[in-house]
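Here's the structure we're looking at; comments come further down.
A note on names: the letters A, B, ... follow the listed sequences, proteins ahead of strands, and every chain is numbered from 1.
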Number of protein chains: 2
Amino acid sequence: MTHIYSKYPKHYLAVDCIIFGYDIAEKELKLLLIKRSFEPALGQWSLAGGFVQENESLDDAAGRVLCTLTGLSDLYMEQLYTYGETKRDPGARVISTAYFALIGIHELDPEINKKNGAHWRSISSLPELIFDHRVMVDRALKELVEKVKVYPVGFELLPEKFTLVQLQNLYEAIYLRNVDKRNFRKKILSMELLDKQDEKERETSKKGAWYYRFNVEKYRELARNGFFFNLAVS
Amino acid sequence: MTHIYSKYPKHYLAVDCIIFGYDIAEKELKLLLIKRSFEPALGQWSLAGGFVQENESLDDAAGRVLCTLTGLSDLYMEQLYTYGETKRDPGARVISTAYFALIGIHELDPEINKKNGAHWRSISSLPELIFDHRVMVDRALKELVEKVKVYPVGFELLPEKFTLVQLQNLYEAIYLRNVDKRNFRKKILSMELLDKQDEKERETSKKGAWYYRFNVEKYRELARNGFFFNLAVS
DNA sequence: ATTTTAAATGTACTATATACACTTCTAGTT
DNA sequence: AACTAGAAGTGTATATAGTACATTTAAAAT
């Protein structure tokens, strides 16, 4: 007996991951891209992707792709959009769900990258990407800008301990504009979500800059009570 | 010769549409739901959906489903989220991309609804829905609330001509809270996007309320120059 | 003429966002 | 020991936007 749905066509389904990182030294937002080692489009740059298997959800598939590539699990990850144009992949019709992920570059072993053909590339000078991957990246960038305004996701791109200067530089790299130092500090500190550490970062200045940590528990507690994170600039 | 992707599994792909309408008289947000006339889940309530065909994009599929159901094309429509849990449909593994659409209830011929088994149901008293459709609706509702704050999409739910009272009632129905009449009017009128008509709505009061029209061209022009629509309330 | 009902209107206050420049700290140099 | 250099750190005044709030106006019905 044929299945009730059997008169409908089936499709290849993929996930593609837009993986953001932030380079503290260069003060630049980066993307983890793959130099393809297989056809079609061998040798060209692409997002990390993979086909959705029978027994895994979309989220699982994206998590698997991310974990295979980075060796990391429990990354910040979010579904972005599903791209379903019939001709988007010249190899065959493939529908692809894009995910964006945020990872601290420091967490990632450069050896793993080498092994996987993965490279961090600056947002400001991206190579040409295959298929509609550039469209995905542009959407992810927009989403990231909106997201960091009202959710404390920027911290995912920094190490556990970070300075206010580093945090501000990150926001400037995402917003692509300068932010007033005093207003930025006033705003973030007034939320009382950052715990000042007894330790200074001493690489970039003689004076040194105090380390802070983002207090996730406190944020969750406040958010439950209707608190809204906000670091938007106009 | 087998195709390069042939080692990967294929999947059923569907679209489901969360169709919002607004009842001016009842001042209530509504959803267009289907009483299923086929298995699985015959007789239960569901969103309007359909399978994605070989030769159509996801957007096309959603447009087709909407058009089949309502007889209307060029509806306001937007991709919402893709649901890919393996067991979400008990009939078979089906990945579904949810779209939300906004339509003016007045535009829709009640006869077409009858023919299609479609019914407008109040958001405040929705029946139980099949599969994960309730989850889709909840996400769409959240999205709608955020959307009407910063984009002029609420007008899609009203007739061409509407009064400020009707517009405010719509926002109150979406926000699920009362809004100050004077502040609301001040805000929307200061944007100078509404063209006052020489005609009054006379059904609901002796005095009558002036009709307005939303000026799309003006909005587009302003938006190009960095203007941001905003009818958020805190 | 009076009543009734919903539409229409303005101002004072509060909170948030923005603009802006000097002082502090400390390692390295003289 | 004093000086220099370079980045970290800090406060206030102004402008803008958000909020709270009550009376008048219009017109149909009696």
Side-chain angles (χ1 to χ4, degrees), chain A residues 24-27 145 148-150 158 161-173 175 177-213 222 226-234, chain B residues 24-27 145 148-150 158 161-173 175 177-213 222 226-234:
Chain A
I24 291 182
E26 295 184 29
K27 302 176 189 174
V145 170
V148 296
K149 282 181 188 172
V150 289
L158 292 173
K161 293 184 303 185
F162 52 85
T163 70
L164 294 182
V165 174
Q166 291 169 346
L167 184 64
Q168 181 178 344
N169 287 339
L170 169 64
Y171 270 83
E172 291 182 334
Y175 289 154
R177 52 171 291 184
N178 294 334
V179 170
D180 183 272
K181 193 201 257 192
R182 284 167 289 188
N183 292 340
F184 180 81
R185 283 164 180 246
K186 203 192 311 172
K187 220 167 173 179
I188 183 69
L189 290 177
S190 73
M191 294 186 212
E192 300 189 313
L193 289 170
L194 300 189
D195 296 336
K196 191 177 189 172
Q197 308 294 297
D198 296 328
E199 193 189 350
K200 280 185 165 182
E201 184 276 327
R202 301 203 158 276
E203 305 283 300
T204 47
S205 84
K206 295 162 187 168
K207 185 177 180 178
W210 291 107
Y211 275 123
Y212 287 80
R213 273 171 200 272
L222 286 171
F227 166 82
F228 288 107
F229 185 90
N230 190 335
L231 279 180
V233 291
S234 68
Chain B
I24 291 181
E26 295 183 29
K27 302 176 189 176
V145 170
V148 296
K149 283 181 187 171
V150 289
L158 291 173
K161 293 185 304 186
F162 52 86
T163 69
L164 294 182
V165 174
Q166 290 168 347
L167 184 63
Q168 181 177 344
N169 287 341
L170 169 64
Y171 270 83
E172 290 182 334
Y175 289 156
R177 53 171 290 185
N178 294 334
V179 170
D180 182 273
K181 194 201 254 193
R182 283 168 289 187
N183 293 341
F184 181 81
R185 282 162 180 248
K186 201 192 313 170
K187 220 167 173 179
I188 183 69
L189 289 177
S190 72
M191 295 186 212
E192 300 189 314
L193 289 171
L194 300 188
D195 296 335
K196 192 177 189 172
Q197 308 294 296
D198 296 328
E199 191 189 352
K200 280 184 166 182
E201 185 277 326
R202 302 203 159 276
E203 306 285 300
T204 47
S205 85
K206 297 161 186 168
K207 182 178 179 177
W210 291 107
Y211 275 123
Y212 287 81
R213 273 171 201 272
L222 287 171
F227 165 83
F228 289 107
F229 185 90
N230 190 335
L231 279 180
V233 291
S234 69

For [X], all residues meeting side-chain hydrogen bond (donor to acceptor under 3.5 Å, both in side chains), sequence neighbours excluded:
X        : result
B/Glu192 : none
A/Lys207 : none
A/Gln166 : none

Query raised in the report: For the atom pair NZ (B/Lys186) and NZ (B/Lys181), what is the distance rounded to the nearest 0.5 Å?
Result: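 Those atoms lie 14.5 Å apart.
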Requested in this report: Nearest 0.5 Å please: distance from the OH atom of A/Tyr212 over to the CD atom of A/Glu201.
Outcome: 13.0 Å
Query raised in the report: With no hydrogens and no angle check, is any side-chain donor or acceptor of A/Gln197 less than 3.5 Å from a backbone partner on A/Asp195?
Result: yes
Query raised in the report: Within the side chain of B/Lys187, is there an N or O that forms a donor-acceptor pair under 3.5 Å with the backbone of B/Ala232?
Result: yes
Roughly how many Å is it from [atom1] in [X] to [atom2] in [N], rounded to a whole number?
X        : N      : atom1 : atom2 : result
B/Leu194 : C/dA8  : CG    : P     : 12 Å
A/Lys187 : D/dG11 : NZ    : P     : 19 Å
B/Gln168 : C/dA8  : CD    : C1'   : 12 Å
A/Asn230 : C/dA15 : CG    : C1'   : 13 Å
A/Leu189 : D/dA8  : CG    : C1'   : 13 Å
B/Tyr211 : C/dA8  : OH    : C1'   : 17 Å
B/Asn169 : C/dA7  : CG    : C1'   : 12 Å
A/Arg185 : D/dT12 : CZ    : P     : 17 Å

N/O-N/O pairs, protein side and nucleotides 22-29 of chain D side, under 3.5 Å:
from   : atom 1 : to       : atom 2 : distance (Å)
D/dA22 : N1     : B/Arg182 : NH1    : 3.4
D/dT25 : O2     : B/Lys207 : NZ     : 2.9

Query raised in the report: the helix from C/dA1-D/dT30 to C/dT30-D/dA1: angle between its terminal axes, five pairs each, to 10°?
Result: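 Answer rounded to 10°: the end axes differ by 10°.
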Query - Which residue lies more 5' along DNA chain D, comparing A/Lys186 with A/Tyr212 via nearest heavy atoms - result: A/Tyr212
Query raised in the report: Which of the following nucleotides, D/dA20, D/dG11, C/dA8, is nearest to the side chain of B/Ala209?
Result: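 Minimum distance to the B/Ala209 side chain belongs to C/dA8.
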**Report entry** Nearest listed nucleotide, side chain of B/Asn183, among D/dG9, C/dA7, D/dC21
**Finding:** D/dC21
**Report entry** Residue pair A/Phe184 / A/Leu167, side-chain heavy-atom distance below 4.5 Å
**Finding:**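 Of all side-chain heavy-atom pairs linking A/Leu167 with A/Phe184, at least one is under 4.5 Å.
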**Report entry** Which residues share a side-chain contact (heavy atoms from CB on, under 4.5 Å) with B/Asn178, sequence neighbours left out
**Finding:**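 Residues passing side-chain contact (heavy atoms from CB on, under 4.5 Å) with B/Asn178: B/Glu172.
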Query raised in the report: Checking all strands, does A/Thr204 fall into the base, sugar-phosphate, or nothing category for heavy-atom contacts under 4.0 angstrom?
Result: sugar-phosphate
